[in-house]
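Reviewing the structure listed below.
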Amino acid sequence: MPPRNAARLYPLVLLLLAFVAFPLYWMASTSLKPQTEVFRVPPTFVPETWTLRHYVELFWLTDFGLLFVNSLKVCLVSTGLALVVGSLGAYALARFRVRGKEAYGRLVLLAYMFPGALLVIPLLLLFRQLGLTNSHLGLSLAYLTFAVPFVMWVMRDFFASVPVDLEEAALIDGASRLGALWDVVLPQAVPGLIATGIFAFLFAWNEYLFALILISDESLRTLPPGMMRFVSTTDTNWGLIMAASTLATLPMALAFGLIQRYLVTGLGAGGVKG
Amino acid sequence: MANVRIERLHKEFRGAGGIVHALADLTLDIADGEFISLVGPSGCGKTTALRIIAGLETPTSGRILFDGRDITRLEPRDRNIAMVFQSYALYPHMTVRQNLEYGLRKRGAPRDERARKVAAIAAMLRIEPMLDRRPLQLSGGQRQRVALGRALIRDPEVFLLDEPLSNLDAKLRVHMRAELAALHQKVRTTMVYVTHDQLEAMTLSDRIVVMNHGVMQQVGRPEEIYSRPANRFVAEFIGTPSMNMIEGQVRTEAGRPLFTGPGITVVLPRDAPQALPSSGRATLGIRPEHVSLVAPDAPGAIPARVTVSELAGPERFHFVAVEGGSIIVRTPAATVLHPGETVALGFDPDRLHLFDGTGEDAPALR
């Protein structure tokens with residue numbers, strides 16, 4: 001698109017940006033206001049009094065640190081597993097001549113679209129038998145129900161866009177199938193792995209329902225259900241919730257900022273490379 | 001180095017449109033150190049044959065032997081072959097050096113051996129200044145050299161090349177063709193070369209295999225293929241411009257075989273094929289360089305009218321219309337003809353090709 005037309009789009013972009021960014025700004029600014037200013041009418045858009053009290057309370061009076069570490073553990077494990085399992089599956093779907101491959105590919109998409117709310121009770125019953133409730137590994141495995149189909153669906157196009165010649169050259173040069181995948185195909189698919197990895201991580205990081213139902217031990221709680229305890233029947237500490245939310249958002253925002261470049265090539269490359 | 005024996009090779013592909021026979025009953029012996037080309041139009045099975053030798057495809061039936069060892073079921077990495085791809089298939093995330101030594105690394109060669117071989121190959125192919133660059137920073141010719149180097153560095157028993165020159169521009173292609181020929185002189189490894197360009201096949205090969213529809217049409221030395229094509233397909237495929245083909249009848253008159261086509265009567269030489277087609281239908285073939293311009297009253301002169309004249313450097317191609325169609329005549333550049341001009345053609349009687357019938361695969365009569 002010529003720059004002249006692009007300039008005309010800026011107002012629209014700004015409007016959209018305001019729509020998306022304002023809640024984030026409101027969250028951050030609320031977390032920095034004292035409790036009395038939080039409820040003031042009319043509201044203050046820029047805090048009159050700046051305070052870090054909510055952040056201090058968060059670490060001294062709640063187990064935010066523990067929740068954060070728990071979340072990090074579960075999300076890292078589930079993302080790692082999803083990338084390994086999903087990539088291998090996607091590679092097979094992209095490359096091998098298998099009977100019913102297309103049908104299987106569509107089933108993967110269906111599995112991804114299946115609502116989690118319908119899965120959680122059967123999963124709970126199953127996990128109880130297997131002793132996987134109240135376990136970070138169990139929760140990570142539960143997250144694979146949506147993370148693996150997602151990785152498979154996206155990485156399949158990525159692998160399909162890597163020229164077959166490269167792999168065949170590696171096979172002739174003395175690599176095994178897995179060796180060729182590791183040495184030659186995966187390095188081409190790094191942008192895709194980063195993009196899908198981030199999304200898989202994000203889904204898990206924000207996930208509430210599975211975390212609430214599969215984990216009942218307070219010391220094992222993850223962030224989303226853990227933060228709900230800041231809401232009580234008598235009092236909701238908005239400053240505290242906003243401080244926790246800000247800190248929970250921060251790592252993701254940072255990650256997106258750092259890998260933005262990959263993300264754009266990544267999501268674009270799968271479908272229309274070259 | 002090794003000789004290669006291809007034994008009754010069949011390959012079928014099952015697709016939505018039913019079974020496709022990519023390769024039918026290919027048997028071929030390739031001598032140790034020989035440069036052999038598989039040539040034919042796209043879809044003729046040449047690439048399938050190469051991929052089966054490489055181990056990238058499994059044949060439906062048949063065997064491949066290197067020096068008598070059956071390698072049909074071996075993985076590509078267990079065959080000690082090297083291959084150059086049409087797209088070069090250089091690993092884009094590795095430097096030229098890493099590309100070159102990847103195969104050695106995979107076979108566990110120690111560091112000093114790798115360094116020594118990379119240096120030797122780089123010197124031979126004149127790519128030393130580019131060793132630390134990535135493939136994307138190289139020109140087409142340089143990439144081509146790196147691809148050759150990556151194949152050569154492992155001292156393979158058999159060297160497979162799949163249309164390695166077709167991505168280069170015309171000038172570079174001629175240059176790399178000469179380099180490739182010199183390279184084969186130097187390393188003397190068995191080379192199997194796939195191309196759709198008959199000129200490449202003619203200039204490079206010890207022997208040529210012409211293929212069509214998965215079937216081997218003829219195998220022989222380039223001059224043999226050119227001067228004694230086994231059937232009409234080979235005759236038309238090899239040579240530019242193509243051999244002129246005239247369809248007509250053959251009969252014997254006063255003890256001499258006679259070919260008659262639309263507006264053309266040609267007395268065939270005495271040693272012309274004794275066994276004439278029973279149907280009487282035949283195709284007469286003659287290469288453009290064996291058609292000459294003669295005086296209109298010369299015996300057997302064929303009247304024709306010039307339609308187009310093309311100058312191709314040292315020579316000219318004249319497209320002339322005869323009663324039954326169009327004929328191409330090749331002359332020195334000094335022979336100037338103008339469109340519309342009337343000329344008379346004479347066929348060199350010793351260079352006539354006669355094919356039994358008029359089909360694409362009509363066999364040559366000898």
Side-chain angles (χ1 to χ4, degrees), chain A residues 83 87 91-106 155 157-195 197 259 261-262 265-266 268-270 272-274, chain B residues 13-16 47 50-51 53-58 74-95 98-109 134-136 143 146-154 156-164 167:
Chain A
L83 284 179
S87 294
Y91 178 75
L93 277 184
R95 281 291 189 259
F96 297 153
R97 284 178 218 155
V98 193
R99 193 189 294 269
K101 195 170 83 171
E102 278 313 306
Y104 188 73
R106 261 174 244 134
M155 288 312 292
D157 281 349
F158 258 100
F159 288 138
S161 73
V162 175
V164 183
D165 284 0
L166 287 182
E167 264 168 276
E168 294 185 335
L171 289 179
I172 287 175
D173 266 347
S176 60
R177 240 320 149 176
L178 276 177
L181 176 64
W182 183 256
D183 291 344
V184 173
V185 183
L186 280 182
Q188 308 305 311
V190 163
L193 286 174
I194 291 178
I259 53 95
R261 197 162 52 90
Y262 287 107
T265 47
V272 284
K273 192 166 193 173
Chain B
F13 288 109
R14 276 157 218 279
T47 298
L50 193 77
R51 291 172 58 83
I53 301 175
L56 297 172
E57 296 282 356
T58 330
L74 290 188
E75 292 288 321
R77 60 176 160 154
D78 300 324
R79 295 187 181 207
N80 199 16
I81 42 159
M83 185 158 166
V84 177
F85 292 80
Q86 181 175 359
S87 63
Y88 314 140
L90 298 178
Y91 312 126
H93 58 293
M94 298 187 197
T95 63
Q98 289 166 331
N99 264 283
L100 289 175
E101 63 178 14
Y102 181 74
L104 299 176
R105 213 180 259 276
K106 279 284 145 185
R107 284 176 163 77
R134 282 175 209 278
L136 274 176
R143 284 181 207 182
V146 176
L148 282 171
R150 189 177 63 182
L152 281 168
I153 200 165
R154 294 191 356 240
E157 283 185 273
V158 179
F159 203 170
L160 308 171
L161 301 109
D162 186 8
E163 308 238 10
N167 279 356

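Keep in mind that this is a model prediction, so the values were computed, not measured. The figures that follow rest on heavy atoms only: side chains count, while hydrogens, waters and symmetry mates do not. In the text below, chain A, chain B and the rest are named by the order of the sequence lines, each starting its count at 1.
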The ring-ring contact (aromatic ring centres under 6.0 Å, His included) partners of A/F159 (sequence neighbours excluded) come to A/Y91

Nearest heavy-atom contact between A/I172 and B/L56 is CD1-CD1, 4.0 Å

Would you mind checking which part of B/I153 comes under 4.5 Å of any heavy atom in chain A, side chain (CB onward), backbone (N, CA, C, O), both or neither? neither

Give the member of B/A89, B/A82, B/A54 that has the highest number of heavy-atom pairs under 4.5 Å with chain A. B/A89

Between chain A and chain B, which N and O donor-acceptor pairs fall under 3.5 Å? A table would be great.
unit_1	atom_1	unit_2	atom_2	d
A/D165	OD2	B/S87	OG	2.5
A/E168	OE1	B/R51	NH1	2.8
A/E168	OE2	B/R51	NH1	3.2
A/E168	OE2	B/R51	NH2	2.7
A/A169	O	B/Y91	OH	3.4
A/A170	N	B/Y91	OH	3.2
A/I172	O	B/R154	NH1	3.4
A/D173	O	B/R107	NH1	2.8
A/D173	OD1	B/R154	NH1	3.0
A/D173	OD2	B/Y91	OH	2.9
A/D183	O	B/H93	NE2	2.8
A/D183	OD2	B/Y102	OH	2.5
A/D183	OD2	B/K106	NZ	2.8
A/Q188	NE2	B/H93	ND1	2.8

